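Since the structure comes first, as structure tokens, the remarks are kept for the end.
Just so you know, these numbers come straight off a predicted model, no measurement behind them. In listed order, ligands and their atoms are each counted from 1.
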Amino acid sequence: MWRRVASLSSSISSSFLAQTASRLNTWESLTTGIAQQAKGVIAPKEKTPFITFVLGGPGSGKGTQCIKIVETFGFAHLSAGDLLRREIASKSADGAMILNTIKEGKIVPSQVTVQLIQKEMELSDNHKFLIDGFPRTEENRVSFERILPEWQSQIGVEPNVVLFFDCPEEEMVKRVLNRNEGRVDDNLETIKKRLTVFQALSLPVINYYSERGKLYTIKAIGTEDEIFEQVRPIFAAFENKIVLLVNFIECIITCNNGKGHPFKYPVELVHFCPGGSDRYEQTVG
Ligand SMILES: Nc1ncnc2c1ncn2[C@@H]1O[C@H](COP(=O)(O)OP(=O)(O)OP(=O)(O)O)[C@@H](O)[C@H]1O
Ligand SMILES: O=c1ccn([C@@H]2O[C@H](COP(=O)(O)O)[C@@H](O)[C@H]2O)c(=O)[nH]1
Ligand SMILES: [Mg+2]
């Protein structure tokens, strides 16, 4: 038996339900799509993409944290810098141009980078993407949005999450100079240029997403594990919300059919109803 222990302070409006359904679409895309897969309703490739942009200055720890996010939350990691370095290594037509651009700490034309990212996304079996080190400029951002029309009905033109690893310049320089991976841009001269480019061209992108409520700023100092403890709750929250939301939607559908209340454990809907909460607890008998 179910007992309501608190009620919504405002009634559930149709616009709230529409909003909820739209959020469900976003949150579902982060989860493994358990319900749909179990029912065999959708194949993995058909799931809504969940896109996270991972931004921050050179050496702020983007790549390091992406590895942990992949391990914990099962994302595909697409590093724009790695894709460009792969082009150099494969001696592709753009290889020489990319190498010079990276040495100068400048930004490779959007068309090249966007095409590489798009190809990787299409080849991937995953639907959850960490796009590391991109978009670096407003022009990058707009170019990426332009490739989305075919997916627009699924994800809109924006990423679901934008992470910003905020790190003091002094620390970034120290880390890059100690990186020791043989990168052509890990020298003081190029780092200075990269920092200037970051300030001038990348910060506006970060501000853009901040204004749109997409930005999660991580204080990128401390140990790698300490930093990850700031990252973990961001993705965990998306996973938790979907469980609650699925229950909520099921409840509405079932209640509307007059079949009772299907919640299996206490559910608090306060996350979805800023005006109040609707809490249910299972009672004995
Ligand atoms: N929290 C940390 N404390 C100390 N060193 C770190 C920390 N996180 C990462 N590092 C080290 O700093 C260096 C730069 O990290 P990483 O490559 O992850 O940065 P990045 O943001 O991807 O840089 P880039 O934009 O240049 O690719 C690496 O050698 C990494 O091992
Ligand atoms: O979207 C991008 C990403 C990278 N670059 C160039 O590559 C280097 C290294 O990138 P990391 O992400 O730090 O590995 C960067 O300084 C740019 O020169 C780019 O042009 N566009
Ligand atoms: Mg990196």
statement: One finds that the ligand 2 atoms under 4.0 Å from a non-hydrogen atom of Ala80 are 1 (O), 2 (C), 3 (C)
- prompt: By number and element, which atoms of ligand 1 are closer than 4.0 Å to a non-hydrogen atom of Pro58?
  reply: 25 (O), 26 (O)
- request: Around atom 14 (O) of ligand 2, find the nearest protein heavy atom and jot down its residue, atom name and distance.
  value: Arg85 NH2, 2.8 Å
message: I need the nearest protein heavy-atom contact for atom 25 (O) of ligand 1: residue, atom name and distance, please.
response: Lys62 NZ, 2.7 Å
message: Taking the six-membered ring of Phe50 as reference, does the cationic atom of Lys128 (NZ for Lys, CZ for Arg) lie under 6.0 Å from its centre and within 45° of its axis?
response: no
- request: Kindly confirm or rule out an N or O of Val108 lying under 3.5 angstrom from an N or O of ligand 2.
  value: yes
For [atom], which candidate among [options] holds the nearest heavy atom?
{"atom": "atom 30 (C) of ligand 1", "options": "Val54, Asp82, Thr64", "answer": "Thr64"}
{"atom": "atom 11 (P) of ligand 2", "options": "Arg136, Lys103, Lys106", "answer": "Arg136"}
{"atom": "atom 8 (C) of ligand 2", "options": "Ile98, Leu99, Ile102", "answer": "Ile102"}
{"atom": "atom 5 (N) of ligand 2", "options": "Thr101, Val54, Leu84", "answer": "Leu84"}

message: Using a 3.5 Å cut-off on N or O atoms only, is Glu171 in polar contact with ligand 1?
response: no
- prompt: How does Asp185 reach ligand 2, if at all, at less than 4.0 Å between non-hydrogen atoms: by side chain, backbone, both, or neither?
  reply: side chain
- request: Between Thr113 and ligand 2, find which residue part has any heavy-atom pair under 4.0 Å and reply side chain, backbone, both or neither.
  value: side chain
- request: Decide whether the shortest distance between a heavy atom of Arg183 and an atom of ligand 2 is less than 4.0 Å.
  value: yes
